[in-house]
Amino acid sequence: MAADKKLVYRCIECSKESRELYRDYRHGVLKITICKSCQKPVDKYIEYDPVIILINAMLCKAQAYRHVLFNTSINIHGKLCIFCLLCEAYTRWLQLAGSSNITDPEDIIRYAKEWDFYRLFGIAALEQAAYLTGVFIALYLARPKSLQSHADFALLLKALLLSSYGKLLLIPAVIWEHDYTNLCLRLITLFVLTSNMQAIRVTLNVSRRLSFLTILSGLLFEAALFCIHHKQLDI
């Protein structure tokens, strides 16, 4: 008996396909399926607490990533992406001179600052789109067979958005309006990029070198958009 209606899962150790995660022998007797390829449990995380899974994901363990991407039905990547963009835009908005010093709700400056927030949200969204475009183009050129169908693109997009959860570290800045230092922002960015690289490796089963180059391609596209935007401001 399969664990779900889903027909194909992945072994978290070797990434080979499996028809089930466990067998139900009734009367509450469950047995985790053993992978025919590596002779290890297909997914040991089905018995783990979600907190343990999150900790393993934060440590960038490939097994935790495979569990989330292939063996669960988590579908919050769209909402997570929007929430992260809102946090990023608000953090940038706070850094604008005078953004947090407006007390009169009828003041026209308040509405100007609110427009700045929407503008910064749009810029953050465009930068994210440019980054993802660079990643997809690099992967399509280097490994065209790995992105042959719409499902392949959708899975990779889901993996990249979910692995960007590190941007939630900006939440303290939103709640407590803490002034983040440049070092802290760089560490958050590094963590997100490392998570993205691991997500690409797990999803497409590619080398670290190729995943690093695709991330670099995404950063180049994002930097190009940043330069174009600032040139338009100067004009």
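Hydrogens, waters and symmetry mates play no part in the numbers below; they use all other heavy atoms, side chains included.
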ask   = Taking it one step at a time, do L21 and I32 satisfy side chain to side chain contact (heavy atoms under 4.5 Å, CB included)?
value = CA-CA 6 Å; L21 299 178; I32 297 179; over 6 Å; no

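- Between T214 and F136, the closest side-chain pair of non-hydrogen atoms is not below 4.5 Å.
- C38 has its side chain within reach of C11: a pair of non-hydrogen atoms, C-beta onward, lies under 4.5 Å apart.
- Not a single donor-acceptor pair under 3.5 Å links the side chain of T203 to the backbone N or O of I200.
- Smallest separation of non-hydrogen atoms from L210 and A142: CD1-CB, 3.6 Å.
- Remark: side-chain polar atoms of S217 are not paired, donor with acceptor, to backbone N or O of L213 under 3.5 angstrom.
- Between F191 and Y165, the distance separating the two ring centers is shorter than 6.0 angstrom.
- Cluster annotation: F221 is not connected to L160 through the hydrophobic network of ILVMFWY side chains, with a link wherever side-chain heavy atoms come within less than 4.5 Å.
- In this structure, OG on S207 lies 8.0 Å from CZ on R201, to the nearest 0.5 angstrom.
- In this structure, NZ in K145 is found 7.5 Å from CD in Q148, a value given to the nearest 0.5 Å.
- In this structure, Y45 and H67 have tilted ring planes: the angle between them lies in the 30° to 60° band.
- Both L204 and F153 sit in one connected hydrophobic cluster of ILVMFWY residues. Membership requires side-chain heavy atoms under 4.5 Å apart, directly or through other members.
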task = Would you check, one step at a time, whether the test side chain to side chain contact (heavy atoms under 4.5 Å, CB included) holds for R208 with M197?
result = CA-CA 8 Å; R208 286 188 177 88; M197 188 171 69; 5.6 Å; no

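- Looking only at distances, a side-chain donor or acceptor of Q198 sits under 3.5 Å from a matching main-chain atom of C60.
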key: Steps toward side chain to side chain contact (heavy atoms under 4.5 Å, CB included) verdict (C87, K167)   = CA-CA 8 Å; C87 291; K167 292 181 180 180; over 6 Å; no

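- Two residues are said to be in side-chain contact when any heavy atoms from C-beta on lie closer than 4.5 Å; R10 and S18 fail this criterion.
- Shown here for L225 and A130, the closest heavy-atom pair between the two residues is CD2-CB, 3.9 Å.
- With values rounded to the nearest 0.5 angstrom, T33 atom OG1 is found 4.0 Å from E20 atom CD.
- A distance-only check finds no donor-acceptor pair linking the side chain of N56 to the backbone of I53 [under 3.5 Å].
- Atom NZ of K44 and atom CD1 of I52 lie 11.5 Å apart (nearest 0.5 Å).
- Between L219 atom CG and E222 atom CD the span is 6.0 Å, to the nearest 0.5 Å.
- Taking every heavy atom of both residues into account, S163 and A199 meet most closely at OG-CB, 3.6 Å.
- Looking at heavy atoms from C-beta onward, I46 lies out of side-chain contact with N71 at the 4.5 angstrom threshold.
- Remark: the S15 side chain and the N205 side chain contain no N/O donor-acceptor pair separated by less than 3.5 Å.
- Residues L190 and R186 form no side-chain contact, since every pair of their non-hydrogen atoms from C-beta on lies 4.5 Å or further apart.
- Counting heavy atoms from C-beta outward, R23 and L30 have side chains that stay 4.5 Å or more apart.
- With a 6.0 Å radius and a threshold of 12 heavy atoms from other residues, nucleotides or ligands, F212 has its CZ atom at or below the threshold.
- Residues V51 and L80 do not share a hydrophobic cluster, defined by chaining ILVMFWY side chains whose heavy atoms lie under 4.5 Å apart.
- Residues Y65 and I12 fail the side-chain proximity criterion, which asks for heavy atoms closer than 4.5 Å.
- Counting all heavy atoms, side chain and backbone alike, V42 lies closest to C35 at CG2-N, 3.7 Å.
- A heavy-atom distance below 4.5 Å is not found between the side chains of L170 and F83.
- To the nearest 0.5 Å, atom CG of residue L156 and atom CG of residue N196 are 9.5 Å apart.
- A donor-acceptor pair under 3.5 Å links the side-chain atoms of K158 to the main chain of I74, judged by distance alone.
- Each of L132 and L162 belongs to its own hydrophobic cluster when Ile, Leu, Val, Met, Phe, Trp and Tyr are linked at side-chain heavy-atom distances under 4.5 angstrom.
- Contact check on E127 versus R92 returns a salt bridge, with a Lys/Arg side-chain nitrogen under 4.0 Å from an Asp/Glu carboxylate oxygen.
- Heavy atoms only, all atoms of each residue included: Q128 and C81 are closest at NE2-SG, 4.2 Å.
- The cluster map of Ile, Leu, Val, Met, Phe, Trp and Tyr, joined by side-chain heavy atoms under 4.5 Å apart, puts L168 and L54 in the same cluster.
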request  = Dump the intermediate steps for side chain to side chain contact (heavy atoms under 4.5 Å, CB included) on Y9 and D43, then the final yes or no.
outcome  = CA-CA 9 Å; Y9 301 94; D43 192 346; over 6 Å; no

